[in-house]
Number of protein chains: 2
Amino acid sequence: MQIITVQPEAIFQALADETRLRIIRLMVTTGEECCLCELVDSLLEPSYKLSRHLKILRQAGLLSSQKEGRWVYHRLVMEASYLEPLHATVQALPDLDEVYSADLKRFHERLCLREEGRCRVGILT
Amino acid sequence: MQIITVQPEAIFQALADETRLRIIRLMVTTGEECCLCELVDSLLEPSYKLSRHLKILRQAGLLSSQKEGRWVYHRLVMEASYLEPLHATVQALPDLDEVYSADLKRFHERLCLREEGRCRVGILT
DNA sequence: CCAATAGTTGCACTATAGTGCAACCATGCA
DNA sequence: TGCATGGTTGCACTATAGTGCAACTATTGG
């Protein structure tokens with residue numbers, strides 16, 4: 001839970017990167033929580049890279065993370081008045097290079113592999 | 001007028017700076033257009049610094065600028081679907097250090113010096 | 001207990017962003 | 001026409017952000 005208050009600039013700084021925007025966009029669009037390996041297979045980026053970007057998003061108060069055995073589930077934080085319009089902004093962004101739609105397609109495919117709503121397969125690619 | 005399409009990251013990058021956020025916040029809150037010298041007196045920052053930040057905001061498609069004699073007036077761009085929720089986000093941000101309210105107070109005082117809605121006095125401080 | 005695997009992080013490197021100074025352009029008024 | 005003034009920009013400098021590699025922790029299944 002995010003009790004700490006974040007500098008407003010840090011919120012926008014967190015979204016000022018293509019990879020992080022892809023992560024947030026996926027979660028805003030689907031409303032799903034997900035683990036790192038699911039993001040690796042959806043964005044086709046190395047885990048160490050995404051892990052670091054997830055940390056930045058967490059520190060900006062945009063995501064919260066919860067460990068479940070070997071997996072860490074990340075989900076959107078909703079408990080701040082500016083987050084609702086911020087999510088709406090992200091959803092209204094144009095998908096210039098069709099990057100987001102491709103991410104979303106792979107993400108949906110990846111979610112099909114869950115067992116009882118939980119990731120059980122690890123990184124595939 | 002902004003015809004060019006901006007990379008989504010660039011929009012957030014533009015707001016990922018305290019000075020630029022102060023500028024945008026002032027304009028979102030008041031809905032006013034303003035010239036550089038009015039911003040200098042409101043934010044108490046040197047003109048060369050604000051001039052450069054205004055350029056970044058313009059390039060990100062957040063502001064448009066129009067020259068009027070010696071003065072250049074800057075105003076918010078509204079012609080993109082994501083700008084409305086983005087402005088709402090900026091307005092919903094907390095004013096942690098009372099920086100924005102102080103800016104706003106000085107800005108209102110500065111606007112009182114206009115003649116027929118136009119700046120005529122230049123930099124005062 | 002050991003091996004495999006989900007995830008994190010230190011280090012080195014490179015690229016980019018923000019700043020101040022000073023010089024500059026451009027406009028209007030005396 | 002010359003000067004004051006609103007505004008912009010080139011340069012040098014510093015700080016910070018993003019990346020890949022490799023080493024690391026932690027958990028689970030055999």
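So that the names make sense, note that chain A is the first sequence line, chain B the second, and so on, each numbered from 1. Nothing here was measured: the structure is a model prediction, and the numbers come from that model. Hydrogens, waters and symmetry mates are skipped; everything else that's a heavy atom, side chains included, is used.
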Using atom [atom1] of [X] as one end and atom [atom2] of [N] as the other, report the distance to the nearest whole Å.
| X | N | atom1 | atom2 | answer |
| --- | --- | --- | --- | --- |
| B:Y73 | D:dT8 | OH | P | 13 Å |
| A:E9 | D:dT16 | CD | C1' | 15 Å |
| B:W71 | D:dT8 | CH2 | P | 14 Å |
| A:E18 | D:dT19 | CD | P | 9 Å |
| A:I56 | C:dT8 | CD1 | P | 13 Å |
| B:Q59 | C:dG18 | CD | C1' | 14 Å |
| B:K49 | C:dA22 | NZ | P | 18 Å |
| B:L57 | D:dT8 | CG | P | 12 Å |

Using a 4.0 Å heavy-atom cut-off across all strands, classify [X] as base, sugar-phosphate, or nothing.
| X | result |
| --- | --- |
| B:C119 | nothing |
| B:V40 | nothing |
| A:R20 | sugar-phosphate |

At under 4.0 Å, does any side-chain N or O of [X] touch on OP1 or OP2 of [N]?
| X | N | value |
| --- | --- | --- |
| A:K67 | D:dT27 | yes |
| A:K55 | C:dT9 | yes |
| B:H53 | C:dT19 | yes |

Can you tell if the side chain of [X] reaches within under 4.5 Å of the side chain of [Y], non-hydrogen atoms only?
| X | Y | result |
| --- | --- | --- |
| A:D41 | A:L113 | no |
| B:T30 | B:H108 | yes |
| A:R110 | A:C119 | yes |
| A:E79 | A:L83 | no |
| B:I11 | A:T89 | no |

Closest-nucleotide ordering on DNA chain D, the 5'-leading residue of B:V72 and A:G69: B:V72
Taking C:dT19, C:dT8, C:dA6 as options, the one with an atom nearest any side-chain atom of A:Y48 is C:dT8
Of C:dG7, D:dT27, D:dT8, the nucleotide closest to the side chain of A:R70 is D:dT27
A:L50 vs B:D17, nearer the 5' end of DNA chain C by closest nucleotide: A:L50
Please state whether the base of D:dG20 and the side chain of A:R52 form at least one donor-acceptor pair under 3.5 Å? yes
